[in-house]
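Numbers here are sequence positions counted from 1.
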Amino acid sequence: MKIVFYGAGNMAHAIFTGIINSKILAPEDIYLTNRTNEEMLQSYKEDLGIQYSYDDEALLKDADYVFLGSKPHDFDQLATRIKGNIHNQNKFISIMAGLPISYIKQKLDTHAPIARIMPNTNAHVGHSVTGVSFSSNFGPTSKEEVLEVINAFGSAIEVQEAHLHQVTAITGSGPAFLYHVFEQYVMAGTKLGLERAQVEESIRELIIGTSKMIERSDLSMEQLRKNITSKGGTTQAGLNALSEYNLEGIFEDCLNAAVNRSIELSAQEDEL
């Protein structure tokens with residue numbers, strides 16, 4: 001199998017690194033290209049053993065899967081450049097936010113199968129939760145191959161394309177929302193009189209340990225919380241204080257705002 005990446009930014013790097021680490025493909029089966037930064041591509045070749053080229057005809061020839069990882073506003077220019085070199089066996093996987101499958105197909109002037117995936121930055125540590133949608137002409141074998149690739153850097157949720165907005169809000173933007181919550185926790189902790197460095201290190205280990213508990217336990221998060229909440233104890237006192245605020249409503253507003261913005265961005269691209 002030959003995989004080509006148009007664009008070698010942070011997310012593409014996380015994906016092809018995950019593929020290499022999982023050993024589902026040999027590094028020499030992965031090809032990269034970008035707009036101008038050949039020095040970066042050369043360093044990836046030296047460090048990881050992957051290939052790179054600026055020859056679109058050579059890149060797309062015999063390519064099974066082509067990742068589209070350019071900036072969304074650069075895609076029209078990219079599509080104009082490569083559409084004349086598309087082969088029948090090429091299947092495309094877009095990691096560009098806001099560009100619908102129909103738009104990608106139109107700009108590439110192709111009937112090739114196209115998938116959209118919405119990974120998050122946890123792909124860097126092999127724990128992305130990635131939403132994926134497939135065009136109707138994506139065959140079952142090809143779907144399985146794409147899902148195997150996604151599982152190399154996390155896990156996949158297959159949804160209808162219209163629901164990628166919700167996936168983007170919950171998991172795509174999710175790490176930033178959780179980081180923000182953790183920031184507030186650190187700031188509140190420093191007001192108790194401890195050194196900031198102590199608080200940050202303690203909460204970092206707290207987050208890691210809690211995540212491992214969730215990962216290794218068959219219990220729900222609700223039950224895990226209940227297991228450490230003694231009646232009349234310190235945990236219950238803190239939870240009682242939290243219950244004075246509408247946390248569920250706060251997170252609903254947060255996610256709805258992200259969903260609405262994703263829809264707006266997609267609509268802007270549709271109007272181009």
Side-chain angles (χ1 to χ4, degrees), residues 1-9 11-16 19-20 24-38 40-41 44-45 50-119 130-150 152-153 156 158 160-161 164 266 268-272:
M1 185 190 301
K2 176 182 176 182
I3 294 183
V4 175
F5 284 81
Y6 274 90
M11 189 55 66
H13 176 255
I15 293 172
F16 63 70
I19 293 171
I20 291 169
I24 64 171
L25 277 182
E28 56 267 25
D29 294 327
I30 298 173
Y31 291 73
L32 307 182
T33 191
N34 59 18
R35 291 175 65 186
T36 56
N37 193 345
E38 186 172 0
M40 181 200 305
L41 300 183
Y44 287 150
K45 180 176 181 177
I50 58 176
Q51 309 298 312
Y52 77 88
S53 173
Y54 286 102
D55 183 339
D56 294 318
E57 182 178 358
L59 283 168
L60 292 171
K61 182 181 179 181
D62 301 327
D64 297 288
Y65 295 98
V66 181
F67 278 81
L68 301 171
S70 67
K71 300 292 185 185
H73 60 266
D74 292 329
F75 173 66
D76 285 10
Q77 183 179 3
L78 172 63
T80 299
R81 194 183 89 212
I82 70 173
K83 63 184 181 181
N85 293 306
I86 293 174
H87 291 259
N88 289 336
Q89 75 182 73
N90 297 157
K91 294 173 283 290
F92 293 88
I93 303 173
S94 169
I95 56 176
M96 302 178 294
L99 299 186
I101 288 173
S102 59
Y103 184 86
I104 296 168
K105 186 169 291 193
Q106 174 195 346
K107 291 299 178 180
L108 290 176
D109 190 21
T110 183
H111 296 291
I114 298 173
R116 284 182 64 193
I117 67 172
M118 289 289 113
T130 300
V132 55
S133 296
F134 296 97
S135 61
S136 58
N137 59 339
F138 230 103
T141 300
S142 297
K143 277 188 179 183
E144 289 178 10
E145 289 178 340
V146 171
L147 293 174
E148 183 181 12
V149 168
I150 293 173
F153 55 90
E158 185 179 348
Q160 295 180 355
E161 187 178 14
L164 281 178
S266 183
Q268 288 174 15
E269 299 297 345
D270 281 337
E271 292 170 0
L272 293 177

Check the side chains of Asn137 and Ser135 for a donor-acceptor pair under 3.5 angstrom, ignoring hydrogens and angles.
-> yes

Side-chain heavy-atom pair Ile117, Ile15 within 4.5 angstrom cut-off | yes

Inter-residue atom distance Thr33.OG1 - Leu59.CG, 0.5 Å rounding | 5.5 Å

Kindly check if the number of other-residue, nucleotide or ligand heavy atoms within 6.0 Å of CD (Glu57) is above 12?
-> no

Which heavy-atom pair separates Thr36 from Tyr54 by the least distance, and what is that distance?
-> C-OH, 3.8 Å

Quick one: are Gln51 and Leu32 in side-chain contact, heavy atoms under 4.5 Å?
-> no

Non-hydrogen side-chain atoms of Gln89 and Asp64 separated by less than 4.5 Å = yes

Does CD belonging to Gln77 count more than 12 external heavy atoms closer than 6.0 Å?
-> no

About how many Å separate CD1 of Ile30 and CD1 of Ile19, when rounded to the nearest 0.5 Å?
-> 5.0 Å

Can you label the angle between the His13 ring and the Tyr44 ring as parallel, tilted or perpendicular, going by 30° and 60°?
-> parallel

When you measure from the side chain of Asn90 to the backbone N and O of His87, does any donor-acceptor pair fall under 3.5 Å?
-> yes

Is a side-chain donor or acceptor of Thr130 paired with a backbone partner of Ile150 at a separation under 3.5 angstrom?
-> no

More than 12 non-hydrogen atoms from neighbouring residues, nucleotides or ligands closer than 6.0 Å to NE2 on His111, yes or no?
-> no

Contacts of Phe75 that satisfy ring-ring contact (aromatic ring centres under 6.0 Å, His included) - sequence neighbours left out = none

To the nearest 0.5 Å, tell me how far Leu25 CG sits from Glu148 CD.
-> 8.0 Å

Note: Ile95 and Gly69 closest approach over all heavy atoms is CG1-CA, 3.5 Å

How about Ile3 and Asp29: do any of their side-chain heavy atoms sit closer than 4.5 Å?
-> no

Identify, with sequence neighbours excluded, every residue that meets salt bridge (Lys or Arg N to Asp or Glu O under 4.0 Å) alongside Glu38.
-> none

Any side-chain donor near an acceptor of the partner, Asn34 and Tyr52, under 3.5 Å | no

Exam field: side chain Arg35 to backbone Asp74, donor-acceptor pair closer than 3.5 Å = no

One should read off an interatomic distance between Leu78 CG and Lys71 NZ, to the nearest 0.5 angstrom, of 14.0 Å

Kindly indicate, with the supporting measurements, whether the criterion ring-ring contact (aromatic ring centres under 6.0 Å, His included) is fulfilled by Phe16 and Phe5.
-> CA-CA 9 Å; Phe16 63 70; Phe5 284 81; 5.5 Å; yes

Measure from NZ or CZ of Lys2 to the centre of the six-membered ring of Tyr65 and say whether it is under 6.0 Å with the direction within 45° of the ring axis.
-> no

Should Met96 and Ser70 count as side-chain neighbours, where that means a heavy-atom distance under 4.5 Å?
-> yes

Does Asn88 CG have over 12 foreign heavy atoms under 6.0 Å away?
-> no

Name each donor-acceptor pair under 3.5 Å that joins a side chain in residues 79-86 to protein atoms two or more places apart or in another chain, with its distance.
| residue | atom | partner | partner atom | Å |
| --- | --- | --- | --- | --- |
| Thr80 | OG1 | Asp76 | O | 3.0 |
| Arg81 | NE | Asp56 | OD2 | 2.8 |
| Arg81 | NH2 | Asp56 | OD1 | 3.1 |

Ionic contact status for Glu145 with Lys91, cut-off 4.0 Å = no

Reported CE-to-CZ distance for the pair Met11 and Phe153, which is rounded to 0.5 angstrom = 8.5 Å

Going by heavy atoms in the side chains, are Glu161 and Ile101 under 4.5 Å from each other?
-> yes

So, do Ile114 and Phe134 sit near enough that their side-chain heavy atoms are less than 4.5 Å apart?
-> no

